[in-house]
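These notes are about the structure you will find just below.
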Amino acid sequence: MGRLTRQFFARDTLVVARHLLGQRLVRMLDGDRLSGRIVEVEAYVGEDDQASHARPGRTERNAPMYGPPGHAYVYLIYGMHHCLNTVTEREGFPAAVLIRALQPVEGIERMRELRSGRADLPLTSGPARLCQALAIDRAFDGADLCAPDALLFLEEGVPVADEAVAQSPRIGVRGDERAMTAAWRFYLRDNRHVSR
DNA sequence: GAATCGATGGTCT
DNA sequence: GACCATCGATTCT
């Protein structure tokens, strides 16, 4: 199974978001593979996107969004949760795709342990949940997802048909009318691992 | 089920 | 000092 290349990410962000569905996110942890199939993502595109962290321009936190494609942008939200993005398009233009949900595939027991051992909580249905399940924190902020020795990377999955893809406005976006209505969330229709 | 709320800390004005 | 690209528990209908 091949890995997604930098060229995959160096495209229009909405195209990358759509085609991330069905791909495999892999985390190497202590020699074990923890992985899941991507079932839900959101696109954040440019400084004109009022919902993007890049809206105020370049800062220390959002710097990876301005960097080369194929790198990670990981941030802390609400003082306790991490969220993972893949940087897209060209260096200098701030854009990224937020990974919102996975369907667990490999290392499920280890994910459960990382999720505090509870059997009744969703493993990877939510941007912060999947980061906890895959032990992703700000140590991965700016990491190259295309490096040969990367501990976090993406692999080609089974292609997803257009009929299986649904779109909606992004979750948790408020305030700006255009940002609230843009259908930049992509998810697999009828997949039970999609968040909410 | 749906609505509401507290936790908790980095980032930016 | 306000604001979060959230989650899990609690409190309703």
Side-chain angles (χ1 to χ4, degrees), chain A residues 9 12-18 20-21 25 27 36 38-67 69 71-89 93-104 111-143 145 152 154 166-188 190 192-196:
Chain A
F9 298 99
D12 178 274
T13 305
L14 298 181
V15 171
V16 175
R18 157 66 180 85
L20 273 173
L21 293 178
L25 179 67
R27 167 78 161 105
I38 297 175
V39 299
E40 179 184 355
V41 298
E42 284 178 0
Y44 290 86
V45 189
E47 295 178 350
D48 293 336
D49 179 357
Q50 298 299 300
S52 172
H53 286 178
R55 178 180 57 141
R58 186 182 192 130
T59 66
E60 189 170 352
R61 175 173 74 150
N62 66 25
M65 291 186 74
Y66 289 79
H71 288 244
Y73 167 47
V74 180
Y75 63 91
L76 183 70
I77 190 68
Y78 296 109
M80 62 189 95
H81 300 301
H82 296 279
C83 293
L84 168 69
N85 295 255
T86 64
V87 175
T88 59
E89 306 207 24
F93 181 80
V97 176
L98 171 69
I99 310 297
R100 285 197 56 91
L102 305 175
Q103 175 175 336
M111 292 188 207
R112 184 85 62 198
E113 293 168 15
L114 289 163
R115 288 276 292 145
S116 73
R118 300 258 315 252
D120 59 330
L121 293 180
L123 231 42
T124 54
S125 299
R129 289 168 177 156
L130 73 89
C131 280
Q132 189 177 19
L134 269 56
I136 296 167
D137 60 19
R138 278 183 299 175
F140 282 99
D141 190 31
L145 305 173
L152 184 64
L154 293 103
Q167 288 179 246
S168 83
R170 294 169 294 184
I171 306 296
V173 170
R174 318 202 292 261
D176 184 79
E177 185 67 22
R178 286 234 315 282
M180 280 175 50
T181 54
W184 288 356
R185 171 175 176 248
F186 297 78
Y187 60 98
L188 293 189
D190 302 327
R192 70 178 180 285
H193 295 96
V194 169
S195 68
R196 46 169 41 202

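- With sequence neighbours left out, the side-chain contact (heavy atoms from CB on, under 4.5 Å) criterion links Pro94(A) to Glu47(A), Ala54(A), Met65(A), Tyr66(A).
- OP1 and OP2 of dA5(C) both lie 4.0 Å or more from every side-chain N or O belonging to Arg174(A).
- Atom CG in Asn85(A) sits roughly 14 Å away from atom C1' in dT6(C) (whole-Å rounding).
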Find every protein N or O atom lying less than 3.5 Å from an N or O atom of nucleotides 9-13 of chain C, and list the pairs.
from, atom 1, to, atom 2, distance (Å)
dA9(C), OP1, Arg118(A), NH1, 2.8

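- Atom CZ in Arg100(A) sits 10.5 Å away from atom OG in Ser125(A) (nearest 0.5 Å).
- Residues Phe9(A) and Val87(A) approach most closely at CB-O, 3.7 Å, considering heavy atoms.
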Shorter than 3.5 Å, N or O on both sides, protein versus nucleotides 11-13 of chain B: list them out with atom names.
from, atom 1, to, atom 2, distance (Å)
dC12(B), OP1, Thr59(A), OG1, 2.2

**Q.** Dot-bracket encoding per residue of DNA chain B, Watson-Crick/G-U cut-off under 3.5 Å, | denoting interstrand
**A.** |||||||.||||.

Would you give me the side-chain donor-acceptor pairs under 3.5 Å for residues 131-141 of chain A, sequence neighbours excluded?
from, atom 1, to, atom 2, distance (Å)
Gln132(A), OE1, Arg115(A), NH1, 2.7
Asp137(A), OD1, Ala139(A), N, 2.9
Asp141(A), OD1, Val74(A), N, 3.0

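- Ala95(A) approaches Thr13(A) most closely through the heavy-atom pair CB-OG1, 3.3 Å.
- As rounded to whole Å, 12 Å separates atom C1' of dT6(C) from atom CD1 of Ile171(A).
- Proximity of Arg100(A) to the phosphate of dT6(C): a side-chain N or O atom is located under 4.0 Å from OP1 or OP2.
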**Q.** Check against side chain to side chain contact (heavy atoms under 4.5 Å, CB included), Leu76(A) and His82(A)
**A.** CA-CA 5 Å; Leu76(A) 183 70; His82(A) 296 279; 3.7 Å; yes

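- In this view, His53(A) and Tyr73(A) satisfy the side-chain hydrogen bond (donor to acceptor under 3.5 Å, both in side chains) rule, not counting sequence neighbours.
- For Arg118(A), the side-chain hydrogen bond (donor to acceptor under 3.5 Å, both in side chains) test picks out Asp120(A), with sequence neighbours left out.
- Of all the residues in residues 44-53 of chain A, not one reaches under 4.0 Å from DNA chain B with any non-hydrogen atom.
- The two residues Pro64(A) and Arg61(A) come nearest to each other via the heavy atoms CD-O, 3.4 Å.
- Residues that satisfy the side-chain hydrogen bond (donor to acceptor under 3.5 Å, both in side chains) test with Arg170(A), not counting sequence neighbours, are Asp49(A).
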N/O donor-acceptor pairs under 3.5 Å from side chains in residues 178-188 of chain A, not counting sequence neighbours:
from, atom 1, to, atom 2, distance (Å)
Thr181(A), OG1, Glu177(A), O, 2.9
Thr181(A), OG1, Arg178(A), O, 3.3
Arg185(A), NE, Glu40(A), OE2, 2.8
Arg185(A), NH1, Ser168(A), OG, 3.0
Arg185(A), NH2, Glu40(A), OE2, 3.1

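- The nearest whole Å value for the distance from the CE atom in Met180(A) to the C1' atom in dA5(C) is 14 Å.
- Taking 4.5 Å as the limit, some side-chain heavy atom of Leu154(A) sits within range of a side-chain heavy atom of Ile38(A).
- One interatomic measurement links the two molecules: CD of Gln132(A) to P of dG8(C), which rounds to 7 Å at whole-angstrom precision.
- Distance check: Glu42(A) CD to Leu98(A) CG gives 5.5 Å after rounding to the nearest 0.5 Å.
- Within residues 71-83 of chain A, the residues approached by DNA chain B to less than 4.0 Å at the level of any non-hydrogen atom are Leu76(A), Tyr78(A), Gly79(A), Met80(A), in residue-number order.
- As rounded to whole Å, 12 Å separates atom P of dT6(C) from atom CZ of Arg170(A).
- Annotation for Leu102(A) and Ile99(A): closest pair CD2-CG2, 4.0 Å, computed over non-hydrogen atoms.
- Shortest non-hydrogen contact noted between Gly57(A) and Asn62(A) is O-ND2, 2.8 Å.
- Residue contacts shown for Arg115(A) are limited to sugar-phosphate atoms, with no base heavy atom under 4.0 Å away.
- The side-chain hydrogen bond (donor to acceptor under 3.5 Å, both in side chains) test applied to Thr86(A) returns no partner, not counting sequence neighbours.
- When the P atom of dC7(C) is taken as reference, atom CG of Leu123(A) falls 13 Å away, rounded to whole Å.
- Atom CD of Glu42(A) is separated from atom P of dC4(C) by 15 Å (rounded to the nearest Å).
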